[in-house]
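Note sheet for the following structure.
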Amino acid sequence: MRFILPILTVIGLIIVLWYAGAVALNAKWTLDQASRAGTTVTFTELVADTMSQGRPRLPAPHQVGAELWNTTIQPCLEGRRAGTLECVTNRRSLFHHAWITLSVTLAGFGIGTLLGTLLAVGIVYNRAMDASVMPWVIASQTIPILAIAPMIIVVMNAVGLQGFIPKAIIATYLSFFPVVVGMVKGLRSPEVMQLDQMRTWNASASQTFWRLRLPASVPYLFTSLKVAVAAALVGTIVGEMPTGAVAGLGARLLAGSYYGQMVQIWSALLMAAGLAGLLIFVVGAVDKAVSKRMGYRA
Amino acid sequence: MTPAPVISAETLSLTFETNDGPVHALKDVDLTIDKGDFVSFIGPSGCGKTTFLRVVADLEQPTGGTVSVNGMTPQQAREARAYGYVFQAAGLFPWRSIGRNIALPLEIMGYDKAEIPDRVRRVLELVDLAGFEKKFPWQLSGGMQQRASIARALSFDADILLMDEPFGALDEIVRDHLNEQLLDLWARTEKTICFVTHSIPEAVYLSTKIVVMSPRPGRVTDVIESTLPKERPLDIRESPEFLEIAHRVREGLRAGHSYD
Ligand SMILES: Nc1ncnc2c1ncn2[C@@H]1O[C@H](COP(=O)(O)OP(=O)(O)OP(=O)(O)O)[C@@H](O)[C@H]1O
Ligand SMILES: [Mg+2]
C-alpha cells in the first residue's frame, strides 16, 4: 500500500503534463482553422478543441484511452463480434496485434536466453572461445538494430522465410547479449575456495557445473533476463516495421505514422509499454519464487 | 614392524613464483604422520601451514621433494577420497539448506540415496546441530556454520581429516566445547587429524604431535611428541605436564621468530 500513493502521484502528474502538452501542440491547428474561417476562438473553445481533434499532433489521454478501449474490450461487449472469440482475434483488435508481438517476443527471448547461456558456458569453459567470441558478441551490439533488421528480413526472405522466424531472429539478436554477459559473470562467480572444495571431493567437471557454477549464476541470470525480455520486445517491434507493416504492434506504429494517425500510434505505444511491464513483472515473479526456493534472502 | 605412515613428506619444498620474486612457502620439510595421530601445526602467519595442508590435499603441487598419503600420491589419495578438508571459512553453499550442504559430498561421491539422510542426521548430531537441517546458512551464526562445515567433512568415510584453523573465528567457550567434541570424535573414529591453529593451549590440548613451523622460508623447526594421556578432561590444561609442553612450543615459536 505504501507504493500506491507515490505511483498515483506520478501518474497524475504525467496526465496533467500530457494534457498541457496536447493543448500547446494542437492549438496551432485550431487557430489556423479559425483564422481561415475568419472567426475568433475564446480560450475555453480553444482548449476544448485541442482535446477533440480528429488528427491531433498529440492526442489527449482520454482520446488514446477511448481508442484503446474501442480496439480491445469494446468489440467484445457490443457490435457484431460481441461475445465471440473473434472479437479479439480479428485484425482490428489491438489484442490481436499484441498477441503477435508477444509470441515473437517470447520466441526470441527463449532462443536468446538459450543461445546466450550456451555461449557463456563456452566462454567460461573454453579459453579459445573466451578470447575469440566475447569481442564479437560486444561488436554485434554496436551495430544499430535498425540497420541489421531490414538485412535480416531481406536475407531470410531470399531463403523463403517470412514473418515469424525473421522477426524472432531480430528479437534473439538483441536479447542474447545481456544473457551472455550476465551468465559469464555468474558462472565465474564461485569463489576459489568453493571450487577447491569440489576438488577435494574429486567432483567431475559436470558435477561442478551443475552443483556449483550453475546455481551460483542464478541471481545473475535473472538480472540479465529482465533486460533481455525488454530487449526482445524492442527487437520484435523493430522487426515488425520493415515487413510491410502487416501485423503486430510495430506494424500499427508504422501504419499510424504513414497515415498521420497519432491516436493509433499512441495506443499501440501504450499497449507495448503494458506488454513490457507485464513481461518484466512475470520474470520478476519467477525470480522471486526461485530465489525463495534457493534460500536467498528477499 | 611399524605400520606405514599415513602421511609422509621428504624434503618437501614449494616455491611460489610471484611478481615480487619467489616465495619459499615450504622448504625441505620432513614429516611423518602415523595412523591415528592428532597433529597440530602451529607457527606465525605465512609460515606455510595452509600450504602444507593444501599440498597433502593435492590442491597445490610441490616444487621439490615428495609427499605420500596413505602410500599414494596426493592426487591418487584425493581421487580415492582419502581425506576430508575443513577450510578456514565455512564455505557453505548459500542456496542449499544445511542438510543439503552436508549431503553434497555424499551426492558427488555417489553414496546410496537411501543412506544419505541417515548420515546427514548422524553428523549433525555429532556437531550439536540436530534440528537445523532445513535452515539455510544465513540463518545460522558463524560458529554454527563452521560446525556444519566440519559435519560436512565428516559425513563421508575418509580416515584423514585436514582442518585449517577451523575454530579461528569462534569464542573461547564454543572453542573449548568443540575441542572436547573433536577429541571425542577422534577417539571414537580413529581418524588421523591434521589441525592448523594459532593457539598454543589448543595445540597442546588436542595433539599427540605438535609441529612448530617458522616462516621465510617455511620450515619445520620442532616436532613435539605429547606425553599427555589420550583421555583429556578440560582441566588437564592446568597440569604441570601440560604447561611444560606449552612452554616447549612457545620456546620453539620464539626461536623461529628470532630468525628474521
Ligand atoms: N597462491 C599463492 N601464490 C603466491 N604466494 C602464496 C600463495 N599461497 C601462499 N603464498 C605465500 O606462501 C606463504 C605461506 O602461506 P600460507 O598460506 O601457507 O601461510 P599460513 O602459515 O597458512 O599463514 P596463516 O597463519 O596466516 O594462515 C606466504 O608467504 C604466502 O604469501
Ligand atoms: Mg593459513
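So that the names make sense, note that chain A is the first sequence line, chain B the second, and so on, each numbered from 1.
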CZ/A:F281: more than 12 non-hydrogen atoms of other groups inside 6.0 Å: no
Which residue out of B:A89, B:P137, B:A153, B:A158 racks up the most heavy-atom pairs below 4.5 Å with chain A? B:A89
Does NZ belonging to A:K226 count more than 12 external heavy atoms closer than 6.0 Å? yes
On a heavy-atom basis, the closest approach of A:G295 and B:W138 is O-NE1, 2.6 Å
With B:W95, the side-chain contact (heavy atoms from CB on, under 4.5 Å) member among A:L212, A:V218, A:V290: A:L212
Chain A heavy atoms under 4.5 Å from B:R100: which part of the residue, side chain, backbone, both or neither? neither
If I measure from the heavy atoms of chain A, does B:A77 come under 4.5 Å with its side chain, its backbone, both, or neither? neither
Which atoms form the tightest heavy-atom contact between B:L104 and A:W201, and what is the distance? CD2-CZ3, 3.7 Å
What one should report as the nearest heavy-atom pair of B:I108 and A:R211 is CG1-CD, 4.0 Å
Would you name the heavy atoms of A:Q194 and B:P94 that are closest together and state the gap between them? NE2-CD, 4.3 Å
Assess the residue pair B:F87 and A:D196 against the criterion (side chain to side chain contact (heavy atoms under 4.5 Å, CB included)); give the C-alpha distance rounded to whole Å, side-chain angles, the decisive distance to 0.1 Å, and a yes or no. CA-CA 9 Å; B:F87 288 80; A:D196 278 347; 3.7 Å; yes
Tell me, yes or no, whether the heavy-atom count around B:E79 atom CD, taken from other residues, nucleotides or ligands under 6.0 Å, exceeds 12. yes
So which heavy atom on A:R199 is nearest to which on B:Q61, and how close? NH2-NE2, 4.2 Å
Tell me if the CD atom of B:E115 is crowded by more than 12 foreign heavy atoms within 6.0 Å. yes
Using a 6.0 Å cut-off, check whether atom CZ of A:R127 has over 12 heavy atoms from anything other than its own residue. no
Begin with the C-alpha distance, continue with both residues' side-chain angles, and end with the deciding distance and a verdict on side chain to side chain contact (heavy atoms under 4.5 Å, CB included) for A:Q197 and B:Y85. CA-CA 8 Å; A:Q197 269 172 357; B:Y85 198 120; over 6 Å; no
By a 4.5 Å heavy-atom criterion (distance strictly below it), what part of B:L162 contacts chain A: side chain, backbone, both, or neither? neither
Ignoring hydrogens, what is the shortest heavy-atom contact between A:N202 and B:R81? Give both atom names and the distance. O-NH2, 3.0 Å
